[in-house]
Amino acid sequence: MSPHSAYIHVPFCVHRCGYCNFTLVAGRGDLVEPYLQALARELEGLGKPRPVTTLYFGGGTPTFLSPNQLDRLCALVLDWHPLHKDYEWTVEANPEDLDAARVTCLVQHGVNRLSLGAQSFDKAKLQQLERRHTAADIRHAADLAHQAGLQVALDLMFAAPHETLAQWEADLAAAVALQPAHISTYGLTFERGTAFGSRLQRQQLHPVPEETERQMYLMAIDYLTQAGYQHYEISNFARPGKWSRHNQAYWAGAGYWAAGPGAARYVAGLRSTNHRSTSTYLRRIQAGASPVAEQERLTPAQRARETLIFGLRRIAGVERAEFQHQTGYTVDSLVAAELARFVDLGLLADDGHTIRLTRAGLLVSDSLWPELL
Ligand code: SF4
């Protein structure tokens, strides 16, 4: 079946934040025009328009583009991915570069959801994370978006070095005060190959103690659910009816189109990923070559295992009967021993009908997935 979702990667940022390992180029506004041309050629490869119900522009920072460039990007993508009637179209934005002209452009094309990389409202924490915006920028951007009728999703980050529980609670309170439809919370990670990863190795940066990080995560769950947000996925919270439809398509194991440097798509059982290097991506497309760097065809059992893992990321968990109907496998035929072990350890709950993460399981979920694959 043709996917109903599409992701477009926009690989530009003013600078690279110390913790970021996303596919992007920093301070390369000169590459935006070649990127738009390359994207047009890549999308031509779709052969015909592929209508979708969810569309997501991520980055990088899509709002790094000028209003005119953003206008052309939206028009180009809509040519190839026209939207079904009841759609969700999300664009990621950084608070410091969202202005009225960009918001107007997005709304005119039909964008209805803005995902703001807020991370924190605390000046020192933002500086430490090497973010360039202020709390005032976040409030201004959220106001602009709300006034234009856009749903607002905020990303927050916890466990920055030296951060205390009280500081994290203040960030949660400041986020809730803006009344976004959706809040995502992520613990800071120190990835290899990032500036923060190197500073950690040189002991110039010190992560918060693991126990503090756990308490921060649990605090987010308790604080946001008490504020009326539904905790519907490990890192995601939303007002009723405002769950991210695009991400739900991923978690349901559905296929998705994708274009842009580093973008990964999953179409007809084939997962393929474009070159992560923006310059390689541009060069290959300019030379008439495929931008794809890797591809992998999953076996039905592999697909079923992935579907199980994505399903378990959702707080509602996995219904055994629905899983079997969707994948053709029973859960027990794939992971009976692991499931029994995780239930014994109190990390998964299994009532015979639905399997879901427990509160203890939520804290260590990342360590469970490799054992289920
Ligand atoms: S703004 Fe976001 S995407 Fe850009 S470098 Fe910083 S963390 Fe990465």
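Given the structure is predicted, the values throughout are model-derived calculations rather than measurements.
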If the condition is side-chain contact (heavy atoms from CB on, under 4.5 Å), which residues does Arg283 pass it with, not counting sequence neighbours? Ser279, Thr280
Would you say the side-chain atoms of Gln302 and Glu306 include a donor-acceptor pair closer than 3.5 Å? no
Under the side-chain contact (heavy atoms from CB on, under 4.5 Å) rule, collect the residues that match up with His325, sequence neighbours excluded. none
For Tyr329, does its backbone N or O pair with a side-chain atom of Thr327 as donor and acceptor, under 3.5 Å? yes
Counting only pairs under 3.5 Å, give me each side-chain donor-acceptor contact of residues 157-180, with atom names and distances, residues two or more places apart or in other chains.
| residue | atom | partner | partner atom | Å |
| --- | --- | --- | --- | --- |
| Glu163 | OE1 | Lys125 | NZ | 3.4 |
| Glu163 | OE1 | Ala159 | N | 2.9 |
| Glu163 | OE1 | Ala160 | N | 3.0 |
| Glu163 | OE2 | Lys125 | NZ | 2.8 |
| Thr164 | OG1 | Gln167 | N | 3.1 |
| Thr164 | OG1 | Gln167 | OE1 | 3.4 |
| Gln167 | OE1 | Thr164 | N | 2.8 |
| Trp168 | NE1 | Met216 | O | 2.9 |
| Asp171 | OD1 | Ser120 | OG | 3.2 |
| Asp171 | OD1 | Phe121 | N | 2.8 |
| Asp171 | OD2 | Ser120 | OG | 2.8 |
| Asp171 | OD2 | Lys125 | NZ | 2.8 |

Look at the side-chain heavy atoms of Ile, Leu, Val, Met, Phe, Trp and Tyr, link any pair under 4.5 Å apart, and say whether Ile234 and Leu156 land in one connected group. yes
Do Leu362 and Leu347 touch side chain to side chain, with heavy atoms closer than 4.5 Å? no
Between Asn21 and Thr194, does any side-chain donor sit less than 3.5 Å from a side-chain acceptor? no
Residue list, ring-ring contact (aromatic ring centres under 6.0 Å, His included) with His275, at least two apart or on another chain: none
In plain terms, say whether Asp344 and Arg341 are close enough for a salt bridge, that is, a side-chain N and a carboxylate O under 4.0 Å apart. no
Let me see the working for Val107 and Leu150 under side chain to side chain contact (heavy atoms under 4.5 Å, CB included), right down to the final yes or no. CA-CA 8 Å; Val107 170; Leu150 293 166; 3.9 Å; yes
Considering only NZ, NE, NH1 and NH2 on the basic side and carboxylate oxygens on the acidic side, decide whether Asp351 and Arg320 come within less than 4.0 Å. no
Tell me every residue that passes salt bridge (Lys or Arg N to Asp or Glu O under 4.0 Å) with Arg139, counting only those two or more places apart in sequence or in another chain. none
Sorted by chain and residue number, the side-chain contact (heavy atoms from CB on, under 4.5 Å) partners of Ala349 (sequence neighbours excluded) come out as Arg356, Thr358
Mind listing the closest non-hydrogen atom pair of Ala118 and Pro95 along with its distance? CA-CG, 4.3 Å
Do Asp155 and Gln119 have side-chain heavy atoms sitting under 4.5 Å apart? yes
Quick one: does Glu294's side chain have a donor or acceptor within less than 3.5 Å of a partner on Thr273's backbone? no
Heavy atoms only: give me the nearest Arg313-Ser235 pair and the separation to one decimal. NH2-OG, 4.4 Å
Sorted by chain and number, sequence neighbours left out, ring-ring contact (aromatic ring centres under 6.0 Å, His included) with Tyr229 holds for none
At their closest point, which heavy atom of Gln286 faces which heavy atom of Pro34, and how far apart are they? NE2-CB, 4.1 Å
Whether Gln69 side chain and Ser66 backbone form a donor-acceptor pair below 3.5 Å: yes
Any chance you could lay out the side chain to side chain contact (heavy atoms under 4.5 Å, CB included) test for Thr134 and Lys123, step after step, and finish with the verdict? CA-CA 7 Å; Thr134 63; Lys123 191 175 173 189; over 6 Å; no
Leu312, Leu298: one ILVMFWY side-chain cluster at the under-4.5 Å cut-off? no
Going by distance alone, is a donor N or O of one side chain under 3.5 Å from an acceptor N or O of the other, for Gln248 and Tyr232? no
Using a 3.5 Å distance criterion without hydrogens, assess whether the side chain of Asn94 forms a donor-acceptor pair with backbone atoms of Glu96. no
Heavy-atom distance under 4.5 Å between the side chains of Leu372 and Phe342, does that happen here? yes
Residue pair Asp97, Arg132: steps toward the salt bridge (Lys or Arg N to Asp or Glu O under 4.0 Å) verdict: CA-CA 10 Å; Asp97 46 37; Arg132 297 168 59 251; 5.6 Å; no
Quick one: does Thr104's side chain have a donor or acceptor within less than 3.5 Å of a partner on Ala100's backbone? yes
We want to know whether His81 and Tyr87 form a side-chain donor-acceptor pair, criterion being a heavy-atom distance below 3.5 angstrom. no
Taking all non-hydrogen atoms of both residues into account, name the closest pair between Pro3 and Val267 and its distance. CG-CG2, 4.0 Å
Basic-acidic side-chain contact under 4.0 Å: Arg131, Asp137: no
Looking at Gly260, is its backbone amide N or carbonyl O close enough to the side chain of Asn274 to form a donor-acceptor pair, meaning the two atoms are under 3.5 Å apart? yes
Do side-chain atoms of Thr225 reach the backbone of Ile221 as a donor and acceptor pair under 3.5 angstrom? yes
Working for ring-ring contact (aromatic ring centres under 6.0 Å, His included), residues His9 and Tyr35: CA-CA 10 Å; His9 192 75; Tyr35 160 79; 8.5 Å; no
Partner residues of Tyr250 under the ring-ring contact (aromatic ring centres under 6.0 Å, His included) criterion, sequence neighbours left out: His246, Tyr256
Do Leu224 and Ile183 come close enough that some side-chain heavy atom pair is under 4.5 Å? yes
Given Asn236 and Ser184, is the side chain to side chain contact (heavy atoms under 4.5 Å, CB included) satisfied, shown in steps? CA-CA 5 Å; Asn236 288 285; Ser184 304; 2.6 Å; yes
Would His133 and Leu126 count as a side chain to side chain contact (heavy atoms under 4.5 Å, CB included) here? Give the steps. CA-CA 7 Å; His133 62 265; Leu126 284 169; 3.4 Å; yes
Is Leu188 linked to Leu363 within one hydrophobic cluster, defined over Ile, Leu, Val, Met, Phe, Trp and Tyr using a side-chain heavy-atom separation of less than 4.5 Å? no
Gln230 vs Pro240 side-chain heavy atoms within contact, under 4.5 Å: yes
Enumerate the salt bridge (charged side-chain N to carboxylate O under 4.0 Å, His left out) contacts for residues 39-54, please, sequence neighbours excluded, ordered by first and then second residue. Glu42-Arg265
Is Tyr7 linked to Ile285 within one hydrophobic cluster, defined over Ile, Leu, Val, Met, Phe, Trp and Tyr using a side-chain heavy-atom separation of less than 4.5 Å? no
Pairing of Arg314 and Glu233 as salt bridge, 4.0 angstrom limit: no
Using side-chain contact (heavy atoms from CB on, under 4.5 Å) as the criterion, list what pairs up with Pro82, not counting sequence neighbours. Pro49, Pro51
Give me the one residue out of Phe64, Phe57, Phe22 that meets ring pair (Phe, Tyr, Trp, His ring centres under 6.0 Å) with Phe12. Phe64
Return each pair, listed once, that meets salt bridge (charged side-chain N to carboxylate O under 4.0 Å, His left out) where at least one residue sits in residues 62-82; pairs must be two or more places apart or across chains. Glu33-Arg72
In one Ile/Leu/Val/Met/Phe/Trp/Tyr side-chain cluster, 4.5 Å: Leu308, Ile315: yes
What residues form a ring-ring contact (aromatic ring centres under 6.0 Å, His included) with Tyr281, not counting sequence neighbours? none
